[in-house]
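To start, the structure under review is shown below, and the notes come after it.
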Amino acid sequence: MLDDKLMQVISTPPDTAVTLVTQGQDGAHLVNSWNSYLRISEEGDLLFPVGGMRQTEQNLAGNDRIKLSIANREVQGFRYKGTGFILEGRAVILDQGPAFQLIKADFPWARAVLKISPISWEQTL
């Protein structure tokens with residue numbers, strides 16, 4: 001299960017940016033999303049709606065490793081208010097199944113779901 005502090009970063013307003021990083025033939029590829037788009041499955045997977053993310057999808061087909069960065073100025077960090085995390089995991093983009101249905105219910109525009117199974121995470125601030 002995810003760290004309590006990480007769950008606070010994910011769920012505490014205001015909406016904050018999440019940067020997703022995959023590795024392709026041309027190097028690192030970054031896309032952004034929002035913490036308010038993030039859902040957590042019963043299994044502890046992170047679920048993001050996918051509108052575009054075509055390069056991310058292509059990269060994951062060849063290398064399923066992903067990193068993400070998320071921060072929130074409203075959550076207490078090590079020394080002061082504001083903290084962030086770097087999370088590593090394995091990811092897949094799905095256009096059917098329970099994870100997709102969960103995302104599609106909240107985001108009708110989603111063509112798919114990015115499902116991230118966390119491997120590790122580290123608080124950075």
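Predicted, not measured: the structure shown is a model, and the values here were computed from it. Residues take their numbers from the sequence shown, with the count starting at 1.
In this view, E43 and S41, D45 satisfy the side-chain contact (heavy atoms from CB on, under 4.5 Å) rule, not counting sequence neighbours.
By the 6.0 Å contact criterion, CG on D15 is enclosed, its count of non-hydrogen atoms from other residues, nucleotides or ligands being greater than 12. For F78, the CZ atom counts as densely surrounded, since its 6.0 Å shell holds more than 12 non-hydrogen atoms of other residues, nucleotides or ligands. Other residues, nucleotides and ligands contribute more than 12 heavy atoms inside 6.0 Å of the CZ atom of R111. Crowding of N32 atom CG: a count of heavy atoms from other residues, nucleotides or ligands under 6.0 Å exceeding 12.
I86 places none of its side-chain heavy atoms less than 4.5 Å from the side chain of I70.
The CG atom of N63 lies 12.5 Å from the CD atom of Q58; values are rounded to the nearest 0.5 Å. Put simply, CD on Q23 and CG on L60 are 11.5 Å apart, with the number rounded to the nearest 0.5 Å. Rounded to the nearest 0.5 angstrom, D95 CG and I103 CD1 are separated by 14.0 Å.
Minimum heavy-atom separation, R90 to D64: NH1-OD1, 2.7 Å. Shown here for M53 and I93, the closest heavy-atom pair between the two residues is O-CD1, 4.3 Å. The shortest non-hydrogen separation linking A99 to L47 is CB-CD2, 3.8 Å. Of all heavy-atom pairs between A91 and I116, the closest is CB-CG1, 4.0 Å.
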Mind running side-chain hydrogen bond (donor to acceptor under 3.5 Å, both in side chains) on T83 and Q123 for me, showing each step along the way?
CA-CA 7 Å; T83 191; Q123 186 174 348; 2.8 Å; yes
Go through the steps to decide whether D4 and Q8 satisfy the test side-chain hydrogen bond (donor to acceptor under 3.5 Å, both in side chains), and finish with yes or no.
CA-CA 6 Å; D4 287 340; Q8 286 178 26; over 6 Å; no
Taking it one step at a time, do F107 and W34 satisfy ring-ring contact (aromatic ring centres under 6.0 Å, His included)?
CA-CA 13 Å; F107 306 98; W34 301 104; over 10 Å; no
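A donor-acceptor contact shorter than 3.5 Å is absent between the side chain of Q101 and the backbone of A105.
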